[in-house]
Protein chains: 2
Amino acid sequence: MNKRLTLKDVAKAADVHVSTVSRALDPNSSTSLSEEVSNRIKVVAKELGYRPNRIAAGLRTNKSMTVGVMIPDITNTLFPPIVRGIESTLEPFGYATILVNTDNIPERELRLIEVLRERGVDGIITVAAHRNDPGIAELIELGIPVISLNRRLDISTVPYVINDDNVGMKLLLKHFFDLGHRRIGHIAGPRDLSTGQIRAAAFSEGCKAHGLPDCADLIYYSDRFEEAEGERCTVELLRTNPDITALLCANDRLAIGAYSGIRSLGLRVPEDISVTGFNDSPILESIPPRLTTVRIQKFEIGQAGAKLLLNALQGGAKGPIGTVLPVELIIRDSTCAPRSES
Amino acid sequence: MNKRLTLKDVAKAADVHVSTVSRALDPNSSTSLSEEVSNRIKVVAKELGYRPNRIAAGLRTNKSMTVGVMIPDITNTLFPPIVRGIESTLEPFGYATILVNTDNIPERELRLIEVLRERGVDGIITVAAHRNDPGIAELIELGIPVISLNRRLDISTVPYVINDDNVGMKLLLKHFFDLGHRRIGHIAGPRDLSTGQIRAAAFSEGCKAHGLPDCADLIYYSDRFEEAEGERCTVELLRTNPDITALLCANDRLAIGAYSGIRSLGLRVPEDISVTGFNDSPILESIPPRLTTVRIQKFEIGQAGAKLLLNALQGGAKGPIGTVLPVELIIRDSTCAPRSES
DNA sequence: ATGAAAGCGCTAACAA
DNA sequence: TTGTTAGCGCTTTCAT
């Protein structure tokens, strides 16, 4: 169990002062150093296998070269590609990422923010933000760079990268309309998440644009983006509005839940009710009927978020407050023309 | 952008010395402190919203309360539950986890170990170990606690938690045997991963136990646990041994690849060739024919590994060097009796 | 029971 | 160009 080498050890070996070593090893040291000494030190350091202690450096510089990544649950297939996109982008710049799972529980989120702050993270990327998020708001006040991915906050100062929820919904709605559907319901996401809110708003707008009658009563809000919620809302919605022929769900999990709800009422997908989702989760290819959905860019959203954070960290020109990634309509087997009422 | 509070601020507010505050706030401080002062300090600290700076504390105590978690790729469905098991177990004890993806590339792994060491992690949990892993070996030499999950190393000093690969393979083999198969092939995992090696050994052993003729030539080793490799090995194996009626694959991804390989030869699963996997990945339920496989405990393996690490970190009695978690045979539609040769 | 002081490994003024 | 020195925020030994 060799004690770990310090600058002092290198200094002794190279017969110079610690600060000289520090300068020699600092890639962007502004101080002038003679080539010869600098090189000698580098050689000695490499020979000895010296590795800097970033904890100590961080204490002094107030930079930990560590960023916090907050997600609801790594077990949800939506998040691993995002996390990977973040890590792949940050790692080459020397940043490591501390990962925490919030389970969308506000108190847990607050505690985890503390955990991250205690570790002195230089910035935070959250994929778990609520529209109104006191924890994030506080971070902003403290001047800690925060980027929100996938969701956006109501306060406008937090830079965000989201997918084009609006266009995605419009594409789905147009698809339904083109197939001939006129009574279309929406299982909306939670009201406190921007994804839920934006998609529901797009639904309303889209209905109006297509000249459909007021659809406010055809929107049922789920409490969580979970299958069970999708099922519950679907059953309630269909009970109240048995003439619906198409169901636009705010994400894939709600849509899979809708399948169950529809079947529990003795109806079939898509013959009786067409269903769509959002996100294009990998499982969908293989759950029959294969879900028509909107494909979002997952790895890329992580990548874009990481770049934004890097920019903020390196104090470059202020980046965009909002970045919207394009989406793609994926038509599969869960949608078809409505049955003629003859 | 308020400057962050330090012990000094609390000390000033409570009108005591910094060290007194440090003692009062340390839950397991051995030094005696008067109840009254201690309580007063705690109240003041809470009122002020003081949060300790673990970076500074870590510099002094040489404990960062951070552990490194190394996985091949968070995007692979096998790993998120393991990571979640680790995080859920460690978090209540005040440990945060730094996550890194190795992609099973040795050089990358070495660099990432450095990244973790520079951050002063107190220990490392790796789900990405190679049987012969120089990086891990060095960590052990340095006295940094390491736990290997899912895989084990050839050197016997690294504690590991694995699933019962041996029994899993025997169960699959018995299942084949009971169905009447006698010519059984094995698409093995990479030789440099313990999972590949243990499963291949179990296959050989099992064949012998069932009185099957020497099966060494019915084992084809893949280079990576990937679908494309499964397909390649399957085609090669079936070309050389067209009389095979059952294929035991070392994991689910290889098995899915085997599906493609079998079909490319104009054969059907399971009518012509029965196929099995290992791990029970979530997708399988919905890829036809649903794969017969072995279910391993994913969350639990993370949990067990985290507990082992906690034990090592808290310097308790030495834990077990090896922990083997039980597995379960999941019979689905990819296996059936061989066609009678009549 | 509390205060004083040293020091963890590093960086950054300031001197020389 | 290099050395000296102070100090980041905390813990801990040693005094008191």
Side-chain angles (χ1 to χ4, degrees), chain A residues 2-42 44-45 48-66 94 114 117-122, chain B residues 2-42 44-45 48-66 94 114 117-122:
Chain A
N2 341 352
K3 195 92 205 76
R4 185 158 177 179
L5 292 170
T6 74
L7 269 191
K8 216 191 287 183
D9 299 312
V10 180
K12 207 176 296 170
D15 200 35
V16 289
H17 195 267
V18 249
S19 58
T20 311
V21 181
S22 173
R23 283 187 273 249
L25 265 32
D26 182 2
N28 43 355
S29 97
S30 47
T31 351
S32 35
L33 260 203
S34 79
E35 276 292 303
E36 186 247 318
V37 172
S38 172
N39 283 338
R40 183 160 51 91
I41 292 176
K42 276 177 199 156
V44 171
L48 263 46
Y50 169 75
R51 303 267 83 198
N53 179 337
R54 293 207 190 279
I55 297 244
L59 181 58
R60 185 66 234 255
T61 59
N62 213 21
K63 304 220 153 314
S64 62
M65 297 305 281
T66 303
E114 283 310 328
R117 286 194 61 209
E118 290 180 2
R119 256 102 191 152
V121 293
D122 296 334
Chain B
N2 341 355
K3 196 93 203 76
R4 183 159 178 178
L5 292 171
T6 74
L7 269 192
K8 217 192 285 184
D9 300 311
V10 180
K12 209 176 295 171
D15 200 37
V16 288
H17 195 266
V18 251
S19 56
T20 312
V21 180
S22 173
R23 283 187 272 250
L25 265 34
D26 183 2
N28 43 357
S29 94
S30 47
T31 350
S32 34
L33 261 200
S34 79
E35 276 293 302
E36 187 247 317
V37 171
S38 172
N39 282 338
R40 182 160 51 88
I41 292 176
K42 277 177 198 156
V44 172
L48 261 47
Y50 169 75
R51 303 266 84 198
N53 179 336
R54 292 207 190 278
I55 298 246
L59 183 57
R60 186 66 232 256
T61 60
N62 213 23
K63 304 219 151 315
S64 61
M65 296 306 282
T66 304
E114 283 310 328
R117 286 194 60 207
E118 289 179 3
R119 260 115 193 136
V121 294
D122 296 333

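The chains referred to below are lettered A, B, ... by the order of the sequence lines, with proteins before strands, and numbering in each begins at 1.
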Tell me which of Ser38(B) and Ala56(B) sits closer to the 5' end of DNA chain C, going by the nucleotide each one is nearest to.
->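 So the residue in question is Ser38(B).
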If each of Tyr50(A) and Thr20(B) is mapped to the nucleotide of DNA chain C with the nearest heavy atom, which maps nearer the 5' terminus, i.e. the 5' end?
-> Thr20(B)
Separation between CG of Asp15(B) and CZ of Arg40(B), rounded to the nearest 0.5 Å = 7.0 Å
Calculate, to the nearest 0.5 Å, the distance between atoms OG1 and CZ belonging to Thr66(A) and Arg119(A) respectively.
-> 10.5 Å
Using whole Å, report how far [atom1] of [X] lies from [atom2] of [N].
X        : N       : atom1 : atom2 : value
Asp26(B) : dT12(D) : CG    : C1'   : 11 Å
Ile41(B) : dA1(C)  : CD1   : P     : 13 Å
Leu59(A) : dT11(D) : CG    : P     : 12 Å
Leu25(A) : dG9(C)  : CG    : C1'   : 13 Å
Asp15(A) : dT2(D)  : CG    : P     : 12 Å
Asn62(B) : dG7(C)  : CG    : C1'   : 13 Å
Leu5(B)  : dC10(D) : CG    : P     : 9 Å
Arg40(B) : dT2(C)  : CZ    : C1'   : 11 Å

When you check the phosphate oxygens OP1 and OP2 of [N], does a side-chain N or O of [X] lie under 4.0 Å from one of them?
X        : N       : result
His17(B) : dA4(C)  : yes
Ser34(B) : dT2(C)  : yes
Ser19(A) : dT11(C) : no
Ser22(A) : dC10(C) : no

Using a heavy-atom cut-off of under 4.0 Å over every strand shown, decide if Val18(A) touches base, sugar-phosphate, or nothing.
-> nothing
Considering only side-chain heavy atoms of [X], which listed nucleotide, [options], is closest?
X        : options                  : answer
Leu7(A)  : dT2(C), dT11(C), dG3(D)  : dT11(C)
Asn53(B) : dT11(D), dC8(D), dC10(D) : dC10(D)
Arg60(B) : dT2(D), dC10(C), dT12(D) : dT12(D)
Ala57(B) : dT11(D), dG9(C), dT11(C) : dT11(D)

Counting N and O atoms only, with roles assigned by atom type, does the side chain of Arg23(B) sit under 3.5 Å from a partner on the main chain of Ser38(B), one being a donor and the other an acceptor?
->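 It does not hold such a pair.
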Heavy-atom side-chain contact between Arg4(B) and Arg117(A) under 4.5 Å =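 The answer is yes; the side chains approach within 4.5 Å.
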Is Tyr50(A) close to Leu25(A) at the side-chain level, that is, under 4.5 Å between some pair of heavy atoms?
-> yes
Check whether the side chain of Arg23(A) and the base of dG3(D) form a donor-acceptor pair under 3.5 Å.
->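 By the distance-only test, yes, there is a pair.
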